[in-house]
Amino acid sequence: MLRQKRQILSLASRDYFHEWQISICFVLALAAVLGPMMVLFGLKFGIVGSMIEELVEDPLKREIRPVGSGHYDRVWMDKLRKRDDVAFIVPRVRSIASSLSVQSEASSRILHLEVIPSASGDPLLDASLAAPVGMDRVVLSASAARKLMVSAGDELQGSLVRTWRGRKERVVLPLKVVAIAPATAFKRDGLFASVMLVEALEDYRDGHAVPSMGWQGTAVTTERSYTGFRLYARSIYDVAALEDSFIRSGIEVRTQAADIETVRRMDNTLSAIYWAIALIGLGGFSLSLGASLWANVDRKRKELSVLRLVGFRTGEIVLFPLLQGVYTAVFGWGLACGIYLAAAWSINAMLAPQLERAQKVCRLLPEHYLIALGITLGAALLAALLAGMRAARVEPSEGLREL
Amino acid sequence: MPDPSSEIIYQLKNVARVRQSNGYAFSLRVPSLRIQRGEKIALIGESGCGKSTLLDMLAFILRPTDMDGFSFHADGANAVDIGAAWKKRRRNQLAGLRKKHLGYVMQTGGLLPFLNVHDNINLSRRMLGMKDDGTVQTLARELGLSRHLHKLPSALSTGERQRVAIGRALAHRPAIVIADEPTASVDPFAAEKIMSLFIGMVEEMNITVIVASHAWRHIKQLGLRRLAHHTRKSPDGRMTETVVSG
Ligand SMILES: Nc1ncnc2c1ncn2[C@@H]1O[C@H](COP(=O)(O)OP(=O)(O)OP(=O)(O)O)[C@@H](O)[C@H]1O
Ligand SMILES: [Mg+2]
């Protein structure tokens with residue numbers, strides 16, 4: 001019976017392309033509904049998607065900073081670091097101790113830089129570039145690098161001043177720039193240094209000795225207490241929970257949780273609106289596709305009866321409208337993708353000036369195209385199958401004598 | 001070789017079809033009918049007397065409303081119980097019988113508009129997987145269609161279409177060909193020519209033929225057996241009944 005199945009499929013194709021004008025109408029009708037639906041979904045996905053992406057990608061949104069200064073010890077920090085929802089934490093020292101005067105060979109200026117404690121994995125720094133380590137390897141903020149006219153690999157000279165036992169003292173600190181931080185990460189003049197270096201700067205200012213650098217002073221610090229920390233949550237979705245846990249343990253913190261909540265609520269609202277439209281659209285789309293395929297099978301009753309007369313089996317007769325439904329679905333989907341791509345391209349091009357580099361207002365993922373194809377094929381096959389079965393049930397003599 | 005006249009192909013006993021619409025009823029009754037292999041049967045009668053109804057039942061495309069016995073002997077030996085097949089809704093079994101053993105020439109049309117003349121004639125042969133042995137070309141030549149083999153039916157005259165339909169009914173060498181007024185829609189002169197051609201071809205191929213027509217004079221010359229039938233109307237004209245026997 002395979003021969004007859006092949007034959008009926010070839011007959012269905014011949015008929016479909018013989019009646020190309022009507023076939024084009026069906027394809028157009030399908031694409032006219034599916035195309036705009038895809039644009040709509042592309043817009044929803046693109047707008048909300050890029051908002052969320054911006055949030056997720058922006059480390060500042062994940063930052064949790066303590067208000068005022070406190071007393072935190074290393075054990076407490078280590079415990080926090082082990083939490084799953086904490087991506088990064090380093091201790092901060094007193095802010096008066098965390099600055100440094102820096103000079104480069106290229107520029108005669110002496111710049112007062114904010115010293116930011118950092119480590120590898122710092123969300124503010126480019127993960128693909130070197131991180132600050134040890135007593136001399138540092139990362140400069142973009143504005144500091146520009147003012148000092150240095151780039152990665154250049155040398156710097158830091159200078160540190162203190163008043164100790166009534167005398168003014170100064171030490172020189174040779175530094176090496178291992179990387180420049182992204183401009184968006186830190187807008188002021190800053191220097192990312194290892195925690196070790198930050199601690200050494202504080203010790204020197206406080207008059208303690210720093211043996212590793214050969215700096216003289218009173219006894220080496222053993223029990224160290226930090227005034228703050230730099231903490232980043234694993235994702236924006238962890239911020240609210242972390243904030244709660246800090247508040248419960250009596251630490252007042254500042255976060256972007258409110259901002260995040262706004263976007264999330266907007267996402268939910270947009271999603272709800274979208275799904276309402278999509279469901280109505282999908283219903284209308286399925287109905288229109290089903291109705292046109294059903295009408296087509298009805299129109300073909302006479303031909304189907306001739307096929308029945310010459311002895312095709314019920315299962316084979318049903319293949320006839322089924323294959324034509326597949327053609328309409330696939331061509332209509334292809335055209336709808338074309339409509340979508342053209343619309344998305346113009347929307348994105350139109351709004352390009354308002355957007356950041358890779359942002360797209362209207363976009364779809366490959367799987368979205370496949371889902372659209374799946375839904376279309378499903379609706380088409382169901383309609384064609386039902387109509388085909390009905391056609392196959394009609395007494396052949398009735399169909400043949402139809403006017 | 002057995003005497004072909006003794007071989008029965010159709011055997012019907014009390015087969016009837018009742019059709020109703022708008023309070024009018026038509027019924028066709030066949031108390032008893034036997035058709036033997038190689039017979040040439042003519043069904044002559046006025047319009048509306050039930051010729052198409054009977055032929056459609058004989059072609060297994062119209063379900064009788066009543067039947068005591070309806071058997072079909074495709075190849076002499078095994079009989080197929082058509083009544084049982086209808087009752088058990090074995091549509092595919094009936095389709096299989098049509099494909100193998102029947103050719104049907106419709107009153108009008110019945111061609112597939114999207115296939116050219118060659119492919120229309122070749123339809124049943126392709127279904128049966130018969131080899132392309134020049135049969136289609138030979139038939140087309142005999143039917144005067146050689147020039148038209150690659151045309152679509154829409155580009156043919158009515159008489160030419162009717163000849164294509166005859167070609168399709170004969171191409172797979174069925175045991176029986178049923179023709180429902182094959183020449184109804186062409187002028188009388190062409191009708192005679194086409195009918196003679198048709199009967200000549202089935203005779204040559206030794207095919208059993210059942211043909212419906214309203215013109216008896218011409219059919220008689222071709223040597224067909226006429227099925228007797230009698231039509232009567234109820235006094236109020238609401239019931240028409242045709243009884244066929246033979
Ligand atoms: N689908 C139907 N429903 C109801 N009645 C029908 C139907 N088809 C035919 N009839 C009736 O059955 C009767 C016989 O019809 P049939 O087609 O068999 O006639 P016919 O002898 O072939 O006529 P013609 O020579 O005009 O083709 C007619 O009176 C017609 O009104
Ligand atoms: Mg008729």
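Letters A, B, ... mirror the listed sequences (proteins, then strands); counts begin at 1. Just the heavy atoms: all of them, side chains too, but no hydrogens, waters or symmetry mates, feed the values below.
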Does the plane of the ring in A:Phe41 sit parallel, tilted or perpendicular to the ring in A:His368? Use 30° and 60° as the thresholds. perpendicular
Partner residues of A:Arg363 under the salt bridge (Lys or Arg N to Asp or Glu O under 4.0 Å) criterion, sequence neighbours left out: A:Glu53
Only one of B:Val209, B:Ile210, B:Val211 passes side chain to side chain contact (heavy atoms under 4.5 Å, CB included) with B:Ile41, and that residue is B:Ile210
Scan the chain A/chain B interface and emit each donor-acceptor pair under 3.5 angstrom with its distance.
from, atom 1, to, atom 2, distance (Å)
A:Arg3, NH1, B:Met127, O, 2.4
A:Gln4, OE1, B:Lys99, NZ, 2.5
A:Gln7, OE1, B:Met127, N, 3.3
A:Gln7, NE2, B:Leu123, O, 3.2
A:Arg14, NH1, B:Asp119, OD2, 3.2
A:Arg14, NH2, B:Asp119, OD2, 2.6
A:Arg308, O, B:Arg98, NE, 3.2
A:Arg308, O, B:Arg98, NH2, 2.8
A:Leu309, O, B:Arg98, NE, 3.1
A:Thr314, N, B:Asn92, OD1, 2.9
A:Thr314, OG1, B:Asn92, OD1, 3.2
A:Arg393, O, B:Arg91, NH1, 3.4
A:Glu395, OE2, B:Arg63, N, 2.6
A:Ser397, N, B:Ile61, O, 3.2
A:Ser397, OG, B:Asp56, OD2, 3.4
A:Arg401, NE, B:Asp56, OD2, 3.0
A:Arg401, NH2, B:Asp56, OD1, 2.6
A:Arg401, NH2, B:Asp56, OD2, 3.0
A:Arg401, NH2, B:Tyr104, OH, 2.9
A:Arg401, NH2, B:Asp180, OD2, 3.4

Shortest non-hydrogen contact from A:Thr376 toward A:Leu289: O-CD2, 3.7 Å
Looking only at heavy atoms, what is the nearest atom pair of B:Ala140 and B:Leu149, with distance? CB-CD2, 3.9 Å
What's the separation between atom OG in A:Ser286 and atom CG in A:Leu382, rounded to the nearest 0.5 Å? 9.0 Å
Rounded to the nearest 0.5 Å, what separation is found between the CG atom of B:Leu227 and the CG atom of B:Leu33? 6.0 Å
Is [X] in contact with chain B via its backbone, its side chain, both, or neither, using a 4.5 Å heavy-atom distance?
X        : result
A:Val306 : side chain
A:Ile8   : neither
A:Phe17  : neither

In terms of heavy-atom proximity below 4.5 Å to chain A, should B:Leu115 be classed as side chain, backbone, both, or neither? both
Okay, B:Met127 and chain A: the region with an atom under 4.5 Å from a heavy atom over there is both
Using atom types as modelled and distance alone, determine if a side-chain donor or acceptor of A:Trp333 lies under 3.5 Å from a backbone N or O of A:Tyr369. yes
